[in-house]
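Below you'll find the structure, written out as structure tokens, and then a few comments.
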Amino acid sequence: QSLAWKQKTLVVTKIHNDIPNIANVKGRFLKRRGSHNMVMNFEDFIHYAVDHKILNFETMPVYHANFDDIDIRKVEAYMALRQRKSPRTFNMPPQEFLKSIKCV
């Protein structure tokens, strides 16, 4: 929606509360507090991102890691444990199992 005011065109918008109110400006994260922008430190940003479900540590990649870093014996033990507790059959290689549960 727009309207004219003092020979200018203004755009009117509604900002919903569920949209995060942070911005990245020149590498700094800013959070709106009242009428001021406050610089967030890294720890504050991480807490904010997790609280607002922007960031989920369970699905974040581990950079510089590869499949050789995974202990396949532990994956197989986990598969066996899940098999005992589930009616589903996990008849697949450990690599495929990890893909199916979105671990890799």
Side-chain angles (χ1 to χ4, degrees):
Q1 180 182 20
S2 64
L3 58 96
W5 182 70
K6 294 188 178 181
Q7 299 178 343
K8 306 260 184 192
T9 301
L10 300 178
V11 176
V12 179
T13 185
K14 180 178 181 180
I15 299 175
H16 298 277
N17 287 335
D18 57 346
I19 297 174
N21 56 348
I22 61 172
N24 182 340
V25 178
K26 296 182 181 178
R28 298 181 317 160
F29 289 97
L30 306 175
K31 178 170 176 44
R32 194 77 177 160
R33 300 255 168 109
S35 61
H36 301 310
N37 289 326
M38 310 292 286
V39 177
M40 298 175 75
N41 65 33
F42 183 74
E43 185 176 313
D44 290 339
F45 170 74
I46 294 297
H47 286 293
Y48 184 88
V50 170
D51 289 346
H52 289 84
K53 298 188 181 10
I54 299 166
L55 183 63
N56 181 346
F57 285 113
E58 296 296 323
T59 59
M60 287 180 62
V62 178
Y63 295 101
H64 308 293
N66 61 48
F67 199 78
D68 293 334
D69 296 322
I70 297 173
D71 185 338
I72 293 299
R73 291 173 299 185
K74 289 183 179 180
V75 175
E76 291 169 340
Y78 178 68
M79 289 174 70
L81 178 65
R82 293 243 340 225
Q83 183 64 59
R84 286 193 299 270
K85 294 183 176 188
S86 172
R88 297 185 326 188
T89 301
F90 300 111
N91 188 17
M92 62 185 77
Q95 297 89 338
E96 291 302 315
F97 172 75
L98 291 173
K99 287 180 187 175
S100 74
I101 62 171
K102 296 183 171 85
C103 284
V104 296

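Looking only at side-chain heavy atoms (C-beta outward), Val104 and Ile70 come within less than 4.5 Å of each other. Residues Phe97 and Val75 are in side-chain contact: their nearest non-hydrogen atoms beyond the backbone lie under 4.5 Å apart. Between Phe67 and Ile72, some side-chain heavy-atom pair lies under the 4.5 Å cut-off.
Scanning both residues, Ser100 and Met92, for their nearest heavy atoms gives OG-SD, 4.1 Å. Of all heavy-atom pairs between Lys31 and Met40, the closest is CB-SD, 3.6 Å. Scanning both residues, Asp44 and Asn41, for their nearest heavy atoms gives N-OD1, 2.7 Å.
Here the CE atom belonging to Met79 is positioned 8.5 Å from the CG atom belonging to Asn91, to the nearest 0.5 angstrom. Separating the NE2 atom in His36 from the CG atom in Leu30 is a distance of 13.5 Å, to the nearest 0.5 Å. Rounded to the nearest 0.5 angstrom, Lys74 NZ and Leu81 CG are separated by 14.5 Å.
For the side-chain hydrogen bond (donor to acceptor under 3.5 Å, both in side chains) test, residues two or more places apart in sequence or in another chain that qualify with Asp71 are Arg73.
Sequence neighbours left out, the pairs with a member in residues 75-86 that pass side-chain hydrogen bond (donor to acceptor under 3.5 Å, both in side chains) are Tyr78-Arg82.
The hydrophobic clustering, which links ILVMFWY residues whose side-chain heavy atoms are closer than 4.5 Å, places Val11 and Trp5 apart.
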